[in-house]
Structures are given as structure tokens and as C-alpha cells.
2 protein chains.
Amino acid sequence: MGLTVDTINQRVRNAEYAVRGELAVKSEEYRARLAKGDKSLPFDQVISANIGNPQQLDQKPLTFFRQVLSILENPLLLEKEDVLINGLGYQTDVIARAKKLLASVGSVGAYSASNGVPVIKESVAKFIEERDGFPADPAHIYLSTGASSGVNTLLNVICASKQTGIMIPIPQYPLYTASLALLDATPVPYYLDEAKNWGTDLDTIRKSYEKGKADGLDVRCVVIINPGNPTGSSLPEADIRAVIDFANEKDLLVMADEVYQTNVFVGKFHSFKSVLRRMQQESPGKYDKVQLASLHSVSKGMVGECGHRGGYFELVGLDPEVEANVYKFVSIMLCAPVVGQCMVELMVNPPRAGEPSFALYDKEYKGIFDGLQERATALHKAFSEMEGVSCAQPQGSMYLFPTITLSQKAVDAAKADGRKADEFYAMELLKATGICVIPGSGFGQVEGTLHFRTTFLAPGTEWVGSIVKFHKEFMDKYR
Amino acid sequence: MGLTVDTINQRVRNAEYAVRGELAVKSEEYRARLAKGDKSLPFDQVISANIGNPQQLDQKPLTFFRQVLSILENPLLLEKEDVLINGLGYQTDVIARAKKLLASVGSVGAYSASNGVPVIKESVAKFIEERDGFPADPAHIYLSTGASSGVNTLLNVICASKQTGIMIPIPQYPLYTASLALLDATPVPYYLDEAKNWGTDLDTIRKSYEKGKADGLDVRCVVIINPGNPTGSSLPEADIRAVIDFANEKDLLVMADEVYQTNVFVGKFHSFKSVLRRMQQESPGKYDKVQLASLHSVSKGMVGECGHRGGYFELVGLDPEVEANVYKFVSIMLCAPVVGQCMVELMVNPPRAGEPSFALYDKEYKGIFDGLQERATALHKAFSEMEGVSCAQPQGSMYLFPTITLSQKAVDAAKADGRKADEFYAMELLKATGICVIPGSGFGQVEGTLHFRTTFLAPGTEWVGSIVKFHKEFMDKYR
């Protein structure tokens, strides 16, 4: 008898990843039934609010980006420049960018260097420099297969054993707990402060660290997701300073997951790199040994190109021998998808004012931003009017993470159904409306509280009305 | 003090991956120097014969494939079908295919299902069915980020502990030893038979298995690479039958790395799946519980689209609960690049005779095949005329793996240089000619023998002449 679930790698068996778990699978079954003409369901479409997948829903690709990629895929088009321009309406900067990329990439069908196409790493460095006002070095930039593979690479290098402790926010994006389960390292959870728009609280972080140390762990890294997933928060600079200061005190590597950096509705985005550089400037010598990894991706923001699996991470202050092992790790998987790497180039180096494609790019970009903000506001408003629901103001990312308070009768019904109360609520919502959200237990939440995460990517307001209606009926049923 | 090479994950530190190791890094330095106009080197180009990266060298993309992808990247082109057809010469089947894919994929910028786009998995199943003459089930097909990520997924699920033994061929593609090092599982090496064109030898496999068991290992998988990397072999059906029979006897999962299945110059390719199905037909009941994973990729063959990172694996006979864990593992990394998935669709479902794009596709495909065969033959001929070199006949894949016999004086010079003899030879070759090959020690070889792996992808014959000239001078110098 061959492999069984009892003999396989138990770390895989124990890993959990709710974003694509039972609810997601069920929602795909519904989608398939609807596509086959099934009329027996109480809804006529499935809305995947469980996953930040903009182009599955309403978000359109940015035209300039896709025009350039169409040429990279078929460079023979460059033999007919007049047709591109006069027949297809391609601007000259589309063609120029495609030529520039092809000159350095060669064919997008060839492997690149393991850490990415050199010219694209240079563009990323310039982008970081413009964003932060401090220089960046392409030698420490690694292009990755989305940010997820960057996280995977870094955790593989950092996690030495079960005794390795990695501080993660709760609630968190479950990639972190899943990866730590696979690597058999130990999460050291610290709670975010729902009362302060899901910000970080230094006392909480410190207590969590002390507990990890008391448990015998070698705590060596603190993960921050900013803007927050699943929380929708956007950290003020003071929170970031406090985390860096604490990491400096305890020799922790800071892993800053900043994939939602352009999805910011309130205040502005502060990168960990820029705050670190300012702190280093203000207190010469004090923060010199801080180690930072910051991650970004083409999947989110107004780009929203998840399917292209492009991303990068920048390393600051790492020991060169450690970095050599990061390089070796990425080389085993050969390289990130080259078209995805080119998408990174376009994200970090979009059309500038005065260039032929700028007007359209700017209009599309702002249109997407405004649409997201409007929907976030509308959804937040609906939540604030629902009985037993409270929700922090939408500050950033693509999610809202409302608290729900359910009656004992609902909790008992969930138990009878063999589910946690928030899982039960989310499953009932899916069955009644076709809307798929993820229960808070998939991300972690304070014991005794209940939440769910929903994106606000779906177009229109009808689905928001469906949630309101379902919620009222659910509350009435279990009153 | 933060992370150091002594405190990081020592499994990463201990992993070795020669394909992108010291020689590859040195060759890229030379390339950069040449690009900057450095005239001090004794060669004027670097030839990366270290890595099977067809489009970095001479191989052109297949036109039909790239035309379809250009539309997938920019679907707005479909609004100007007349321009595509009359202005750009796109055939109607290009447009029809793009429409079909877009209808099922949606945007290539959206995440797909974790295990791949359903319609593409169906195309893969049809391809396997046509190739093998036996049905395939899309439910057991997983689209992956090249074959490497498929290997990574499978080994993650299979390897439970240090006691897990995985049988790997020696010489092997170093992804296997590197992945096992990362997972802290134990390779159980079995030698291929150089005297029989690097075929598998059942007695050797059996002895290796027995040794693994005697060492206390739970041997649970046997890896076969066919056609061979680095060996250039192509297994006869009898070898495959013997392996399946043995795997059946010992309850081993067979992992068949078949990424070079169209790079076959002698005889024909026999897939493990087809041979297994025939054995099951011939001996009803006897082979019912054989577990097989077979992997394929868009990176090799006449497609040669490494940079697109597309691939798939098919699972046969696995326990459903085990397969659920394979699914969970792939879901954590979200999905394979969607454009790479579309490349898989094109590879498994190319233009057929009678369709408008067929003539060009067929001409391009055969041209690439013939070119590879010619270069393999020319390189093999050169090797057979070189002193102290012997090389198996090129049967398949993209590599030759000649044996070299070096003098004691050369071995001493290598030792003085701090290198193994084959590493020294390869480094001297690179320094003298700009040609980068990989020493046999990067793949494993019988103790006391020396080899190197070279691709035969580079165009022209001049570089072959450079190897011949270098070799003669090297042999003369250390006579």
C-alpha cells in the first residue's frame, strides 16, 4: 500500500489556507452549476469576495501595460510599426518601451537571471528611490513569482527549526501561518488593535515577544502587513517607527508585506524602508544594523495583475552570506515568469506626464482608484447600518473585516452544523446569496470575537443589498 | 546581531545547485564585461551551454503560439480583427483560439483556480489520451509554474522526515538533490549505466533500494528522468516496464520527469503512463495500485518557452486524501502564471493539419527539431574525435554528457587550484573560450570518473571548434 494521508508530510497535512478552502470550493461548484443552466439556486451569480482578484471582477487591465506585453509576446509586430500605430492606435511610447525591454530581456521565452532581469531590477531601484527619497541598490532586489514566492523564499532561509519564532499579526493573511506550518517553525502571534483601526500596539508586540522567548523560542523576525490584509488598515508613521525601534532592540528582521501600498484611502503610505532611512538619518549609528525585507507585487493596486505572478522584494542590511543563500534558493526554481517580471517594470515605470500614453493611463488609473474607494465607502456604510455589525473605517488594501455579534441561538445552530459560528455565517451567506466571504477564523481573531473578510472589488451595489437582506433574515431567524 | 549564515536554515545552506553556481556566475561576469566593450578576454562571446534555455540561444518562438498570446495580453485587439488579419497577417485560427481561451480564462491578469484553468486541464487530458492511447482525467491534472514547481509540490507532500528515502538517478538534474536537501529527506541514489547509453539497470536499482532499507529508510518514491538530463538518454520500453514492475513490488510512487518527451532522436518516446496502462491491460489486477506522477513543461522541446514558466503534472492512482493535500499545497501559492498556463494549452493543442496556421507551425517545428539533431550529431562527432573523451550517442533531451579522462598532472593542477578535476576543466574551458558547461560532479557520477554536461543549443559550429582546440591545448599542457 502506497502513500496515505497518515504517511505523507504531516506539515502539509496540518497547514491551513482558508482563502481557497471549503467555502471557495463550494462557490466554484455553484458557479459551475449556474453555468450549466441550473435554476434551482436562490441567486443567479456567484460573487467571489473571498479573494483579492481584481480582474476576475470589474477591474480592467491598464491599456499601456497590455499593449507593451502584446509586443513582447509577439516581437514580429515590430516589423509592422505603421500598422501598430495607424491600424491599432498604439502610441509611440508603447513601441519604444517594448523595444527597450526586448533589447535587455531578449525573448520572454528565455529564462532570466535567477534574481530577475537586470534592467528591470534597476527600474525597481529607481521606483523605490522616487517613492522614498532614499537610494536603492538593484543588487539587493529580487524579482519573484508574485509576493507569495518572495515570502516563501525568505521564510525558507530564516526558519531554521521548530525553535524559530516568527512574529505575525493576528488577524493575518494565512500565507504566513501556512508557510510556517510547512517549514515547521513557530508563529509568535501578536494581536492588532481593532479599536485603533487595526493598528499595531507596541505593548502587545512586546508582550508577545516576551512570551515567545519564555516559551524557549529564538524569535528572529516580525512580519507586518501594511496596508493590512485582512484588516483594511493603513499604518501611521508612528506605528512603523515603533516596530522598527523594537526590531532594532531585539535584533529582529522586519518583513514588510507592502503589496497594497497604492490601495490607500486615508492619509498616505509610509514604506518601512523610508521610515528606516529617516530614523537612520536622525540618529546616526543607532539603526545601522536593522535588517529589513520589503515585498511588493503586480497583483494588487490599480495594476491588479494577479495572474501574471510578478513581484519583487528588497533586502536591506542583510549579511552578504545570508543573501547568497537567498540567491541560491531562488536559483533552484530558476526564475520568476519573465512576462510577470516585465509587468513589474511597467508597474514601477509607468507612462509619465507628457508622454503619449500618459493621458489614457492616468484616466484609467484614477478611475480604478475612485471606483474602489466608492465601493469601499458604500460597503462600509451598509455594514455600519447592520444590526450587530461594526466595521473599522476603510483605510487601505482591498478588504473590510467587520466584527459580527451573533446570538447564542446562532452559535448553537453552528455547533449543530459542526462549524465555528463565523464559518456557519459565511456558509449560510454563500448558500443564500452566492457571495463568498472568508470567516475571521481563517485569519485569526481575538477569542470570542467573530469577523469575516470581504473584498470590495465586485461592481454595482446589488450584492451589497443582498448581504444586508441576508443578514437581517439571519438575525431574525436566530433571534 | 541579526541573522548569519550559521543561524539561518542550514538545509538551505547545504543545498547545492550547480546549474546556476560559480561557473554560471563567472560566465555572466564575462558577458557583462564583453557588453561594456572589454577587449582583454580571449573570446568575443559567452556561450551558455550550461543551461537548457533554447530561446536565449538560437531557438525562435513558434509564431502561432506567440500570436495567440499577443491577443490574450491585449484582448482589445479583437476589436480590430480586420487589422489583425489584413494588416498583421494573423490567420483566422489564431483569432479563434484566442477567443476560445479568453472565454474560459477571462483575463490572463486574474488568478485562475489553484490547480489551473479547467479548459486547459481538459486540453492536457486530451493530449495525453492522443499520445498514449489511454484516457486521462482532467481532475488529476495540475498546471504548474514549469515542471520545477511540480517537483517541489510533489516532494513536499511525499517527504515526511529525514527517514523518507527518495530514489534518484545518478547522474541527476540537481533540482532533485537540492529539493531533498531543503526538505531534509534522504536521497537514495541509483546509478545509470553509461555502457548502455545511460539506461536504467534493474539490479542496480534493486541493490540501491535494499541499501536504503538497510539504512533504516522508508523508501517511498523512485524518480526517473526520461529522456535523460544530464545524460541525453532515451529509455527503451523494457527499462520502463522493469521500473514499474519494481515500483509495484515495493509500493514506490513513480515520479516520471518527462519534460524532454519531444526531444527524441533515436527510437520513440514511451510515457510511463502509457506503459503502465499497457501493463495493467496485459495483467488485469496486478498493477492496479501503482502510483505515478508524470511531469511535463513548456520549457523544452520545440516549444522552448522556459521564461513563461508553464508546466503540468498528472497523478495516477493516488489516494484521494493525499491528492487533497497536493491541492492544498498548490493553493497556498495561489496559481501558476496564467499566460504560462495558456502556453501549456498551445503546446498540447497546436494547429492541426488543414488549419490555416498549420503549414507555418509545422515548418517551424520541424526546422527546430532538425537543427537540434544536426547540432547534437556534430557535437557528438567532435567529442568522439577528442583524446580521452567518450560520449554516448545522442538519443534525447538537449544535452551530451561526455566522459573525460584527465592526466594525473591535470588532477594535481586542479587540486592546487582548490577544485575537483572536472570543475577545474570546466573553469579553464570557460576562461579560454567563453563556453560555460557544468562539471559532472554537479550531477553526480561514478567515483573516479569525470564528465561535463553541455547543451547543443548554440548555433553554428565555431564554438564546437573552440572546445576541440581548448581540449587539445589542455591535454598537451598537462601531458
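Chain identifiers are assigned alphabetically (A, B, ...) following the order of the sequence lines, protein sequences preceding nucleic acid strands; residue numbering begins at 1 within each chain.
- Contact count against chain B (heavy-atom pairs under 4.5 Å) is highest for A:Leu77 among A:Leu253, A:Leu175, A:Thr145, A:Leu77.
- Counting heavy-atom neighbours within 6.0 Å of A:Glu29 CD, excluding the residue itself, gives a total above 12.
- For chain A, the nearby part of B:Ala336 is the backbone; its heavy atoms alone come within less than 4.5 Å.
- Put simply, the side chain of A:Asn53 gets close to the backbone of B:Tyr111: a donor and an acceptor are under 3.5 Å apart.
- When side chains are defined from C-beta on, B:Val5 counts as touching A:Asn325, because their heavy atoms get closer than 4.5 Å.
- Annotation: side chain of A:Leu3 is not in contact with side chain of B:Asp319 (no heavy-atom distance under 4.5 Å).
- Looking at B:Pro54, there are no atoms closer than 4.5 Å to chain A (heavy atoms on both sides), in backbone or side chain.
- Checking B:Ser70 against A:Glu73 by side-chain atom types alone, no donor-acceptor pair falls below 3.5 Å.
- Most heavy-atom pairs under 4.5 Å with chain A, from the set B:Val108, B:Val338, B:Val68, B:Leu318: that is B:Val108.
- Residues A:Leu334 and B:Tyr17 have side chains in contact (heavy-atom distance under 4.5 Å, counting atoms from C-beta outward).
- For A:Lys328 (side chain) and B:Val12 (main-chain N/O), a donor-acceptor pair under 3.5 Å exists by modelled atom type.
- A donor-acceptor contact closer than 3.5 angstrom links the side chains of A:Arg66 and B:Ser107.
- Proximity to chain A (any heavy atom under 4.5 Å) is restricted, for B:Arg220, to the side chain, taken from C-beta onward.
- Put simply, the side chain of B:Leu76 reaches to within 4.5 Å of the side chain of A:Thr63, judged on heavy atoms.
- Put simply, the side chain of B:Arg11 never gets that close to the backbone of A:Val157: no donor and acceptor are under 3.5 Å apart.
- Of the possible donor and acceptor atoms, one in the side chain of B:Arg309 sits under 3.5 Å from a partner among the backbone N and O of A:Cys335.
- B:Leu182 is listed as a side-chain neighbour of A:Ile332, based on a closest heavy-atom distance under 4.5 Å.
- By number of non-hydrogen pairs under 4.5 angstrom with chain A, the leading residue of B:Pro320, B:Ser161, B:Pro118, B:Ala160 is B:Ala160.
- Rounding to the nearest 0.5 Å places CD1 of B:Ile8 at 11.0 Å from CZ of A:Phe329.
- Put simply, the side chain of A:Asn152 reaches to within 4.5 Å of the side chain of B:Met333, judged on heavy atoms.
- Two residues are said to be in side-chain contact when any heavy atoms from C-beta on lie closer than 4.5 Å; A:Leu88 and B:Leu88 meet this criterion.
- Checked by atom type and distance alone, the side chain of B:Asn9 pairs as donor or acceptor with a backbone atom of A:Asn156 at under 3.5 Å.
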